[in-house]
Amino acid sequence: MKVFITGTDTDIGKTLISSWICLHTGYTYFKPIQTGNTMTVDSAIVERLASAKILPEIYSYSQPLAPHLAAKLDNSFIDISLIKLPEEEVVIEGAGGLMVPLNEKQMMVDLMKQLQIPVILVASSKLGTINHTLLSLEALRIRNIPVLGVILNGDYDCNNKEAIEFFGKTRVLACFPKILHVSRDALFKVKLTKELRAIFQV
Ligand SMILES: C[C@@H]1NC(=O)N[C@@H]1CCCCCC(=O)O
């Protein structure tokens, strides 16, 4: 299985969820485009939290900005045709949400379409998430990108889960709890749901 982890926004918990999945499945992690590489990068976080095998980024830029801009400031250009699907079972993480520009013509969602692998959408569980999640699902669906489901990150809110499943015609694959001190042990204690175990065949 190869899965693309996207989110409704930046800083919504994609790296946390990717770490959680890699820790429990042994999957390799790949973040092809990273912006803001002067402090800790997401690949290093996943390596630390999940002891996962990490594939090197294809594009990595110094400024923590949208990729099209970060590339420009580093006198570079993102050519998504150079981003190839790895052979192995892998969790691929995007940068930011779906409609983040990568260059003057393409967005993150075009990379998902090119890679032709199904997507898991990470969303917050808090108020406002229904709108963000349904918009992201619609953008995926009109491009015929297969959606495995949504993972809600944060305090459990049953109303949001039901509305997302009903209006989004999708499944909430997990409600990931709020963890105060994120560590490998803390992630290990949160077991994968049966829906995720079925997807990753563990
Ligand atoms: C700085 C963060 N680093 C990274 O790799 N992803 C983030 C970039 C998010 C871009 C969001 C653009 C937008 O939607 O406005």
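Counting starts at 1 for both ligands and their atoms, in listed order.
Atoms of ligand 1 found under 4.0 Å from any heavy atom of Thr10 (numbered from 1 in listed order, with element): 7 (C), 9 (C). Near Pro64, meaning under 4.0 Å from any of its heavy atoms, are these atoms of ligand 1: 1 (C).
Other residues, nucleotides and ligands contribute only 12 or fewer heavy atoms inside 6.0 Å of the CD atom of Gln116.
When each of Lys53, Lys2, Glu88, Glu87 is checked for a side chain to side chain donor-acceptor pair (under 3.5 Å) with Thr28, only Glu88 meets the rule.
Among pairs with a residue in residues 178-196, none fulfils salt bridge (Lys or Arg N to Asp or Glu O under 4.0 Å), at least two apart in sequence or across chains. Applying the salt bridge (Lys or Arg N to Asp or Glu O under 4.0 Å) test to every pair with at least one member in residues 94-113, sequence neighbours left out, gives no pairs at all.
Of all the listed residues (Leu65, Ile33, Thr35), Thr35 holds the heavy atom that lies closest to atom 3 (N) of ligand 1. Across Gly97, Gly94, Ala95, heavy-atom proximity to atom 6 (N) of ligand 1 is greatest for Ala95.
Look at Lys31 and you'll find a heavy atom under 4.0 Å from some atom of ligand 1.
Remark: Ser125 OG to Asn159 CG distance equals 11.5 Å, nearest 0.5 Å.
Under the 6.0 Å cut-off for aromatic ring centres, His24 and Phe188 qualify, their centroids lying closer than that.
Nearest to atom 10 (C) of ligand 1 among the protein's heavy atoms is Ala66 CA, 3.8 Å. Looking only at protein heavy atoms, the nearest one to atom 14 (O) of ligand 1 is Val100 CG2, 3.6 Å.
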